[in-house]
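A, B, ... follow the sequence lines: proteins, then strands. Residue 1 opens every chain. Just so we're clear, the structure is a prediction, and the values are computed from it rather than from any experiment.
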Amino acid sequence: MPELPEVETIANGLNRRVAGDRIESVWVSDKPEPLKSPAADISATLEGAQVERVQRVGKHIVFDLAPGRGPGRQWIVHLGMTGKLLVTVPETETEKHTHLVARLASGRELRFVDPRRFGRLEVRQSGFSGPGAEPLKIGVQEFARLFHGSKAPVKAALLNQKLLHGVGNIYADEALFRARVRPRRRANSLSQAELRKLHAGLLRVLKAAIAAGGSSVSDYVDADGEEGFFQIQHRAYGREGKPCVTCKTPIKKIVVAGRGTHYCPKCQK
DNA sequence: ATACCGACCTGTCAGC
DNA sequence: TGCTGACAGGTCGGTA
């Protein structure tokens, strides 16, 4: 479900709510899919650990843990399409598809819920830096270099987490719309000017979406249960058949890299 | 190396 | 009303 702006919003909300709290005990479901680390490792790492802070890396939520001795460990959560991390009181009814419950010293619970089970939970030594470059930090030069070496459609390159991490289907379409570049163009066919526009468009759309609390297309909510509002600013994603905000031409929907892809056939070259 | 496609899961919605 | 199929914000592994 969530891409960079949603994960950023969730991680910031979790940081506000649970940083400094201690995990007293953990329950893990017996469904194996969401676990990248063995359940016993996850429990052993989380139990007794204090949450130092929560931050976003790519589309991952990273909990820095202070176990008290030895090198720090991290709990890394990828929400997949439908994952949620909720902070609740114990009395709140446990949702269907709850896969992990961490009981906190404050008396609250941190719960991981994921109906589709595409999300992943993992514990590891500190220092996780994600699979690719960070879109909010990368300069235009490095950005251009990433795409220069790829013959893939530029949309596929944007979605490739080993190049840039954090960009998903919505913001790839939105960035390409703002850069006026067609999603099927080969990444290495973009001119320097187009790469600059793509870099700028991506930064603009990600920052605006973070400011709006992310996009709530169906059921996304942040750590406080609040919806995001960026979906009302979408110009391409989800607007098939609707008039382009620039030229009124109907937005087209095609499939690129196996994903529904929206663009303006007139504005985007 | 690259790119397409199915697989992984469940829920929802449109269409019949 | 109920069934079927398509589709969904993500990623991985196999194959051509």
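- Counting any heavy atom pair closer than 4.0 Å across all strands shown, A/Ser215 reaches a base atom.
- Residue A/Arg186 has a polar side-chain atom (N or O) positioned under 4.0 Å from OP1 or OP2 of B/dA3.
- Donor-acceptor pairing under 3.5 Å is lacking for the side chains of A/Arg111 and A/Thr98.
- The residue among A/Ser150 and A/Gly258 whose nearest nucleotide of DNA chain B lies closer to the 5′ end is A/Ser150.
- One interatomic measurement links the two molecules: CD1 of A/Ile254 to C1' of C/dC7, which rounds to 17 Å at whole-angstrom precision.
- Taking side-chain N and O atoms only, A/Gln161 has a distance below 4.0 Å to OP1 or OP2 of C/dT11.
- With a 4.5 Å cut-off on side-chain heavy atoms, A/Leu4 and A/Glu134 count as touching.
- The side chain of A/Arg259 places an N or O atom within less than 4.0 Å of a non-bridging phosphate oxygen (OP1 or OP2) of C/dG10.
- Whole-Å rounding puts the A/Glu6 CD to C/dA8 P distance at 16 Å.
- Between A/Lys31 and B/dC9 there is no side-chain N or O to OP1 or OP2 distance below 4.0 Å.
- Residue contacts for A/Lys36: at a heavy-atom cut-off of 4.0 Å it reaches no nucleic acid atom on any strand shown.
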Quick test: give all pairs of protein nitrogen or oxygen and nucleotides 12-14 of chain B nitrogen or oxygen below 3.5 Å, distance rounded to 0.1 Å.
none

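- Counting any heavy atom pair closer than 4.0 Å across all strands shown, A/Gly149 reaches sugar-phosphate atoms only and no base atom.
- When heavy atoms are screened at a 4.0 angstrom cut-off, A/Gly168 is found touching the sugar-phosphate backbone but no base atom.
- Spacing between atom CD of A/Gln231 and atom C1' of C/dA8 amounts to 15 Å, rounded to whole angstrom units.
- Under a cut-off of 6.0 angstrom, the local environment of CD in A/Gln125 is crowded, with over 12 non-hydrogen atoms contributed by other residues, nucleotides or ligands.
- One can place CG of A/Leu164 at 14 Å from P of C/dG10, the figure rounded to the nearest angstrom.
- For the pair A/Glu240 CD and C/dA6 P, the interatomic distance rounds to 16 Å; values are reported in whole Å.
- One can place CD of A/Glu122 at 14 Å from C1' of C/dT11, the figure rounded to the nearest angstrom.
- The distance between atom CG of A/Leu35 and atom C1' of B/dC9, rounded to the nearest whole Å, is 15 Å.
- B/dT2 is paired with C/dA16 under the Watson-Crick or G-U wobble criterion, all donor-acceptor distances under 3.5 Å.
- If you take atom C1' in B/dA1 and the same atom in C/dG10, they sit 23 Å apart, rounded to whole Å.
- Backbone-only contact: A/Lys253 has heavy atoms under 4.0 Å from sugar-phosphate atoms and none from a base.
- Close to C/dT11, at under 4.0 Å from its OP1 or OP2, lies a side-chain N or O of A/Lys59.
- Straight-line distance between the P atoms of C/dC3 and B/dC9: roughly 24 Å, to the nearest whole Å.
- Considering only side-chain atoms of A/His78, the nucleotide from C/dT11, B/dG11, B/dT2 that sits closest is C/dT11.
- A stacking contact between A/Phe118 and C/dT11 is absent: the pair does not combine a ring-centre distance of less than 5.5 Å to the base's six-membered ring with planes differing by less than 30°.
- Donor-acceptor pairing under 3.5 Å is lacking for the side chains of A/Gln233 and A/Arg235.
- Using cut-offs of 30° and 60° on the angle between ring planes, the pair A/His99 and A/Phe112 is tilted.
- To the nearest angstrom, C1' of C/dA8 lies 10 Å from CG of A/Asn169.
- Classification of the A/Phe143-A/Phe147 ring pair by plane angle, with boundaries at 30° and 60°, yields tilted.
- Looking at A/Asn188 and A/Ser150, their side chains never bring a donor and an acceptor atom within 3.5 Å of each other.
- For A/Asp173 and A/Lys155, the salt-bridge test passes: some basic side-chain N is under 4.0 Å from an acidic carboxylate O.
- Across all strands shown, A/Tyr237 has heavy atoms under 4.0 Å from sugar-phosphate atoms exclusively, and none from any base.
- Side-chain contact between A/Arg103 and A/Trp27: present, with at least one pair of heavy atoms (C-beta onward) separated by less than 4.5 Å.
- Distances from the side chain of A/Arg116 to the nucleotides C/dA8, B/dA3, B/dG11 place C/dA8 closest.
- For the pair A/His97 and B/dC9, the criterion of a side-chain N or O lying under 4.0 Å from OP1 or OP2 is not met.
- You'll find that the side chain of A/Arg117 is closest to B/dC9, out of B/dT2, B/dC9, C/dT11.
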